[in-house]
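Note sheet for the following structure.
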Amino acid sequence: MLDKNQIAQRIAKELKDGFYVNLGIGIPTLVANYIPEGINVTLQSENGLLGMGPFPLEGEEDADLINAGKQTITTLPGSSFFDSAMSFGMIRAGKVDLTVLGAMEVSENGDIASWKIPGKLVKGMGGAMDLVASAKNIIVAMMHTNSKDESKLLKRCKLPLTGINCVKKIVTNLAVLEITDKGFRLLEKAPGVSVEEIKSKTEGNLIIDSEIPDMEF
Amino acid sequence: MLDKNQIAQRIAKELKDGFYVNLGIGIPTLVANYIPEGINVTLQSENGLLGMGPFPLEGEEDADLINAGKQTITTLPGSSFFDSAMSFGMIRAGKVDLTVLGAMEVSENGDIASWKIPGKLVKGMGGAMDLVASAKNIIVAMMHTNSKDESKLLKRCKLPLTGINCVKKIVTNLAVLEITDKGFRLLEKAPGVSVEEIKSKTEGNLIIDSEIPDMEF
Amino acid sequence: MKKVYKNAGEAIFDISDGNTLMLGGFGLCGIPENCITALEKKGVKDLICISNNAGVDDFGIGLLLKNKQVKKMIASYVGENAEFERQLLNGELDVELIPQGTLATRCMAAGYGIPAIYTPAGVGTEVAEGKESRVFKGKEYLMEYAFEADFALVKAWKGDTAGNLIYKETARNFNPLMAMAGQVTIAEVEELVEAGELNPNEIHTPGIYVHRIFQGNSYEKRIEQRTVRKG
Amino acid sequence: MKKVYKNAGEAIFDISDGNTLMLGGFGLCGIPENCITALEKKGVKDLICISNNAGVDDFGIGLLLKNKQVKKMIASYVGENAEFERQLLNGELDVELIPQGTLATRCMAAGYGIPAIYTPAGVGTEVAEGKESRVFKGKEYLMEYAFEADFALVKAWKGDTAGNLIYKETARNFNPLMAMAGQVTIAEVEELVEAGELNPNEIHTPGIYVHRIFQGNSYEKRIEQRTVRKG
């Protein structure tokens with residue numbers, strides 16, 4: 001079973017040289033720590049920045065320089081600032097190669113629910129609906145089950161949707177899966193996790209059409 | 001009867017302090033030479049400039065700094081450059097207070113024809129259709145009649161239209177007129193020109209509802 | 001026609017009860033601090049505020065919420081504000097949540113005189129309810145209308161007496177979009193210079209969009225999430 | 001992933017017969033001179049060119065026209081070119097004239113992933129023929145679609161190895177809009193510097209929109225209307 005950092009590490013393997021990537025809040029943010037050697041990736045922050053760097057050194061925080069999670073950050077050489085319309089413009093136009101974000105639920109047809117729990121206070125969708133509606137390639141990073149040990153990979157999402165038919169791949173603490181016409185196709189399993197366990201914790205249709213290898217990092 | 005410079009001079013009297021103004025090619029360009037004392041006007045050039053100044057001194061021409069007529073120009077303090085989408089954006093949003101442009105024909109309901117003569121080569125409408133469709137206040141600067149001494153102020157335009165119901169005021173070599181629900185309302189006549197002459201050279205409905213004063217400059 | 005005002009209080013003199021305001025900023029970054037304080041002091045009520053966020057309890061739009069000056073909030077994310085939560089649950093506050101890119105683009109559309117645009121954000125979700133949708137090249141989009149606002153309150157880094165604005169880093173965010181969209185746009189700047197002192201090639205918001213400008217003071221520029229790394 | 005190319009010839013290597021190209025510039029101001037020369041040399045034919053103007057007889061897109069490489073021209077104003085006129089009257093060339101603001105906005109829409117926008121330009125004229133129109137708040141607008149182009153060829157003043165671009169003065173014009181809209185965007189710049197040497201706050205076109213960049217040479221920057229005043 002993977003921890004959050006290992007999920008991030010596995011997702012980082014999906015990065016290709018030259019990619020522009022938008023990383024959501026939570027596990028997705030950790031992906032930046034595992035960018036493979038020799039691969040040059042540019043991070044987009046939807047509040048108006050390309051070329052996001054690491055957190056600043058203590059004392060070098062700049063209130064005018066934050067990411068979409070409102071954290072103080074830095075820029076890397078070759079960065080640029082722009083307004084929010086251009087930021088979502090480049091997202092909508094498919095210029096961002098990969099979007100990694102968290103989710104509460106994903107359905108077997110690629111729907112995602114991530115922003116609202118009825119009965120609980122609604123905080124808002126922020127940029128998530130724009131991202132999932134437009135991104136060329138969406139990877140969801142999440143735990144395979146919720147705190148009640150219920151599957152988060154469902155036939156149909158129960159929570160209000162963020163977007164439909166959009167998720168391409170899911171990396172959980174148990175497995176790597178891709179969305180196909182017929183449901184979740186199991187690609188890899190976490191070291192020490194059995195296919196049976198993944199089956200039992202996946203409510204949506206699970207396709208196992210070959211020997212399932214262990215994830216590599 | 002006015003010459004082109006006097007038409008421009010009369011139009012300049014319509015300028016108000018703080019106005020943003022777009023001046024078309026031809027007579028409208030001359031308006032810039034007659035901006036009244038104490039009135040601060042900012043000229044917009046639709047190729048991407050606010051704060052257009054006069055032509056450069058000989059030897060100071062800058063190929064990267066032209067107006068919409070492709071003439072070398074200069075900038076004044078407080079100027080700004082922007083792209084063509086923003087330029088027409090501010091036009092469309094009604095931020096430009098006054099647009100002055102030439103015309104081949106104007107009809108009594110404010111339609112304007114200015115870009116195309118069937119049978120002759122079509123050069124294109126450039127930004128004229130955007131300007132007339134969006135400007136808050138459009139003044140047409142033109143001769144009252146064409147080279148065959150036919151009226152250019154018509155019941156209906158005969159040439160292909162540039163825009164409809166858009167012209168507010170017309171300054172010709174003979175008169176100042178405004179467009180009303182019922183046609184051209186004569187406001188002023190050029191010094192030495194009779195109301196009868198204006199009547200005879202205006203094909204569209206001409207409203208004369210008071211004593212017509214001479215233009216003042 | 002002077003655009004320069006002495007301070008926020010003078011610049012917002014005619015903002016009235018029930019007005020719709022756009023307020024620039026993302027979180028607490030790039031917000032019109034001086035204008036917000038002046039609005040709080042003026043005590044205008046029943047405001048409709050369009051802003052990406054609603055500030056925190058004791059800063060930003062949170063100040064206006066605490067003071068019960070806001071009737072309706074149009075935003076994309078409001079998760080940082082307990083007072084907001086309380087008023088919402090008590091039915092004291094109306095809220096409309098819209099996707100962030102839609103919010104940004106509806107402001108831009110207003111500034112560009114485009115009455116409506118199409119975006120895929122929200123298709124198939126509750127955001128699409130009651131909205132017209134349309135398929136272009138096999139993909140579904142929602143039609144979204146340009147915003148209207150009586151006033152836009154924006155914050156820039158540098159400005160000049162002609163109203164030209166330059167923003168700093170990610171404090172740009174919604175500011176240039178809202179600046180274009182206000183019926184009346186009021187800009188507060190950290191540094192106000194004479195027309196001619198800013199490079200015309202580096203202007204983010206041309207002065208034509210800015211009706212009033214003043215040099216703000218005492219900027220707190222509060223940081224919401226101070227994150228640092230080890231040296 | 002290197003974006004930097006040695007010269008125009010290498011950067012346009014895969015432009016092929018029948019491709020749709022956007023070319024930046026207004027008149028001869030801010031046109032991709034090096035790319036045009038390379039296209040002329042390469043001899044690709046049946047091009048569909050989207051550009052505000054068509055150059056003059058012996059410069060700009062005029063060079064491609066003279067060489068009979070252009071099948072169709074989409075522009076707002078083409079009045080400066082006698083060869084253009086000849087080909088058009090002979091039926092050798094197809095031309096589509098559209099309002100300048102519509103041209104600009106259709107490029108921007110493409111770069112922003114917005115499939116269609118509404119503009120009042122052309123309502124009631126022959127430009128409206130065959131187009132869908134719609135009334136918003138009592139005013140009629142035409143629906144205009146985002147442009148598509150295989151390649152966008154743009155010219156900037158400064159660029160860096162990450163593809164960021166800064167334009168100079170009115171040479172900006174259509175360049176940033178087309179840069180956003182190309183399936184492949186090729187930028188030629190007067191000065192190419194290393195990533196990090198341009199101020200990120202002053203970038204006009206973020207590098208994400210630019211796929212290839214090279215430092216051009218021998219810029220002629222011809223002036224169409226040299227107008228001067230007495231000193």
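As a basis for the values below, the full set of heavy atoms in this structure was taken, side chains included, without hydrogen atoms, waters or symmetry mates. Convention: sequence-line order gives letters A, B, ...; per-chain numbering from 1.
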If contact means a heavy atom pair closer than 4.5 Å, which residues of residues 190-213 of chain C contact chain D? C/Asn201, C/Glu202, C/His204

From D/Tyr118 atom OH to C/Tyr145 atom OH, the distance as rounded to the nearest 0.5 Å: 8.5 Å

Chain D contact residues among residues 123-144 of chain C, heavy-atom distance under 4.5 Å: C/Glu132, C/Arg134, C/Phe136, C/Lys137, C/Tyr141, C/Met143

Please test D/Thr105 against C/Ile114 for side chain to side chain contact (heavy atoms under 4.5 Å, CB included), starting from the C-alpha separation and ending with a verdict. CA-CA 10 Å; D/Thr105 313; C/Ile114 299 172; 3.8 Å; yes

Quick check on C/Tyr167 against chain D: is it the side chain, the backbone, both or neither that has a heavy atom closer than 4.5 Å? backbone

